Amino acid sequence: MNGNNDKKTEYVFRAPRGTEDILPEKWTFWRRLEAVGRQEFELCGYYEIRTPIFEDTRLFVRSIGEATDIVEKEMYTFSDSEDSSITLRPENTAPVMRAYLEYELYKTKKFQKFYYIGPQFRKERPQAGRLRQFHQMGIEAVGATDPLLDVETISVATRIFDRIGLKGYKVKINSIGCEKCRPVFRNILKEKLCNREEELCELCQSRLNRNVFRILDCKNEKCKTISHSMPSINDYLCGECQSHAQAVREALLEIGIPYIADAHLVRGLDYYTKTVYEITHSSLGARDAICAGGRYDNLISDIGGPPIGSVGFAVGMEATILALENVIAKSKPLHEEASLPSPLVYIVSIGEETKKKCFYLLNLLRKADISADFDYEGRSPKAQMRTANKVGAKYVVVLGPDELARGDVKVRMMETGEEIPLKQSEILKWFQEQR
RNA sequence: GUGAGCGUAGCUCAGUUGGAUAGAGCAUUAGACUGUGGCUCUAAGGGUCGCGGGUUCGAAUCCCGUCGCUCACCCCA
């Protein structure tokens, strides 16, 4: 401080826009989602892979597509000291595929299933359920084109949502064709829409050249009417895509997953082919997807690998947790649902001279895997009891000068208020029996 | 990137047409019960009303700017 500036300078740091701190009480939901996710993935034969948080920029440009918004304006791109361009990953599919190729995993075993959990980055304006650093967990089933595999991935996602107790989600599916049939449909659609250009909203008029398919899910009422009068992609799918889509629908029916066939479901990333799907939750507002996925049979060859088909999805974890909170808030009080882990034992020390002994007992219990805690603030016995109650300890061990002299402690059962004396030498054994 | 709304205590919010020391509930801390939690009662701490400027005798309140947040759009998990 140089004293020239008499204005108070406040150094208030806050989490950067579009990022958030996950505070302890929020962790219950995160842990539940992660635990259930891992369990389900592994149950279905998917193995965890972790890729770097940043990659060569070109990986994303090639895979996601040069003309997409993600690449054009939403990537955190910077150059490191060696004159190469680096990008914080905006999604995790391309990195997984890069690793698959880098280690030539297809040479030992073409078909492999991966899962990942981690942060992703897109520089967008934050909104409900949308952040700049957000978290996805997802799977990639690499090396097979069986439509049943598409359905497997959907079933993995829905089981996760079922198991975390998320009710009210919807599965929407569509086929967007392949490199053979999609261009045909695109041209026909474009031609027909150009004839009615004047009736479209301003945005859609510009979409005519940039991204015709987006017109199909425009929210403008007039555009909706027009797009509903347009032919459906389903009428233009090639034989192969047609039978693939058919097989997917039949298998969904077979295993009892309700779905909505939505011919207007489109995709923003270039690499998708054939099956695309989206799982949404109506409690979320405008950005309602909690999971999105599909098949991408050209991605691996796009980034320089052999022609190997794959399918996968990404679950938006923030969005899922938001939906979960919405659902749970309606059914029961949040504090019941989202309680922090409690210690089994809280140790109350009375007087300075007993602290050492208490600390010894604390560590004795912890070594034996019994969760325990005590007071480091030098507070009154009453205050310590209050804390014990607040953190939800089941037992309180009280050690004051009297107990110290006698070589015992008092154990208080917090539920009943009953207290029993216990020799210090017997504490460990006693708590091991209580567990 | 575009548009709209909102910034008052740790949290959720009151605050009349601008008017005196800015309030409540919850939370926190302490006491009633000086070695014992939950319930109750009492008290305390905590705010340059986001920040800066302007209008005015007087601004949390009106105006301008700025920063932040939120929602929606584009796009997307």
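Proteins get letters first, then strands, A, B, ... in listed order; numbering begins at 1 in each. Everything numeric in this text was worked out from a predicted model, so none of it was measured.
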Going by an N to O cut-off under 4.0 Å, is there a salt bridge joining [X] and [Y]?
| X | Y | value |
| --- | --- | --- |
| A:Lys224 | A:Glu221 | yes |
| A:Arg122 | A:Glu124 | no |
| A:Glu278 | A:Arg267 | yes |
| A:Arg287 | A:Glu318 | no |
| A:Glu199 | A:Lys222 | no |

Rounded distance in Å - [atom1] ([X]) to [atom2] ([N]):
| X | N | atom1 | atom2 | value |
| --- | --- | --- | --- | --- |
| A:Ile64 | B:A77 | CD1 | P | 10 Å |
| A:Asn220 | B:C74 | CG | C1' | 14 Å |
| A:Gln120 | B:A77 | CD | C1' | 9 Å |
| A:Leu322 | B:U70 | CG | P | 12 Å |
| A:Arg17 | B:C71 | CZ | C1' | 12 Å |
| A:Leu203 | B:C73 | CG | C1' | 8 Å |
| A:Glu124 | B:U70 | CD | P | 14 Å |
| A:Leu216 | B:C75 | CG | P | 12 Å |

Looking at A:Phe359, does the NZ or CZ of A:Lys356 lie under 6.0 angstrom from its six-membered ring centre and within 45 degrees of the ring axis?
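Cation-pi check for A:Lys356 and A:Phe359: fails.
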Assigned partner base of [N], Watson-Crick or wobble definition, under 3.5 Å:
| N | answer |
| --- | --- |
| B:C74 | none |
| B:G38 | none |
| B:G45 | none |
| B:G10 | B:C26 |
| B:U66 | B:G50 |
| B:G18 | none |
| B:A59 | none |

Pairwise side-chain contact, A:Tyr115 with A:Glu42, heavy-atom cut-off 4.5 Å (strictly under)
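Side chain of A:Tyr115 against side chain of A:Glu42, heavy atoms only: contact under 4.5 Å found.
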Touch class at under 4.0 angstrom, heavy-atom based, for [X] against every strand present:
| X | value |
| --- | --- |
| A:Arg210 | nothing |
| A:Arg132 | nothing |
| A:Ala289 | sugar-phosphate |
| A:Leu404 | nothing |
| A:Ala319 | nothing |

Go through the steps for A:Gln133 and A:Tyr76 under the test side-chain hydrogen bond (donor to acceptor under 3.5 Å, both in side chains), then give the verdict.
CA-CA 10 Å; A:Gln133 175 176 338; A:Tyr76 281 99; over 6 Å; no
Check the pair A:Tyr277, A:Thr153 against side-chain hydrogen bond (donor to acceptor under 3.5 Å, both in side chains), reporting the backbone distance first and the verdict last.
CA-CA 10 Å; A:Tyr277 57 89; A:Thr153 62; 2.8 Å; yes
Tabulate protein N/O versus nucleotide N/O from nucleotides 2-12 of chain B, keeping only pairs under 3.5 Å, one per line.
unit_1: B:U2; atom_1: O4; unit_2: A:Arg125; atom_2: NH1; d: 2.5

Just to confirm, is there a sub-4.0 Å distance from OP1 or OP2 of B:U70 to any side-chain nitrogen or oxygen of A:Gln127?
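Looking at the OP1 and OP2 atoms of B:U70, neither is under 4.0 Å from any side-chain N or O of A:Gln127.
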Does A:Gln136 have a side-chain nitrogen or oxygen under 4.0 Å from the phosphate oxygens OP1 or OP2 of B:A77?
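Indeed not, no polar side-chain atom of A:Gln136 lies that close.
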Report yes or no: is there a donor-acceptor pair, N or O only, under 3.5 Å between the side chain of A:Arg130 and the base of B:C75?
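Side chain to base: pair present.
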What's the gap between [N] and [M] when it is taken at their [atom1] atoms, as a whole Å value?
| N | M | atom1 | result |
| --- | --- | --- | --- |
| B:A60 | B:U21 | C1' | 15 Å |
| B:U55 | B:C63 | C1' | 7 Å |
| B:U2 | B:G15 | P | 34 Å |
| B:U61 | B:G19 | P | 11 Å |
| B:C11 | B:C67 | P | 23 Å |
| B:G46 | B:A9 | C1' | 6 Å |

Just by distance, with hydrogens left out, do A:Asn326 and A:His281 show a side-chain donor and acceptor under 3.5 Å apart?
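Result is no, nothing qualifies.
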Pair A:Thr145, A:Asp297: side-chain N/O donor-acceptor within cut-off below 3.5 Å
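Absent: no donor and acceptor within the cut-off.
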For a quick check, with a 4.0 angstrom heavy-atom cut-off, what is the B/S/- contact string for nucleotides 34-44 of chain B, read 5' to 3'?
-BBBB------
Please name the pair of heavy atoms, one in A:Asp408 and one in A:Pro421, separated by the smallest distance, quoted to 0.1 Å.
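Closest approach of A:Asp408 to A:Pro421, heavy atoms only: OD2-CB, 4.2 Å.
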Residue whose nearest RNA chain B nucleotide is more 5′ - A:Ala15 or A:Ala383:
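Between the two, 5'-proximity favours A:Ala383.
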Closest-nucleotide mapping onto RNA chain B: is A:Gly18 or A:Gly129 further toward the 5' terminus? I mean the 5' end.
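Counting from the 5' end, the first nearest nucleotide belongs to A:Gly18.
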Taking the side chain of A:Lys219 as heavy atoms from C-beta outward, which of B:G68, B:C73, B:A77 is closest to it?
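Nucleotide nearest to A:Lys219's side chain: B:C73.
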Identify which nucleotide among B:G68, B:A77, B:C74 has an atom closest to any side-chain atom of A:Arg267, counting heavy atoms from C-beta outward.
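The listed nucleotide nearest to A:Arg267's side chain is B:A77.
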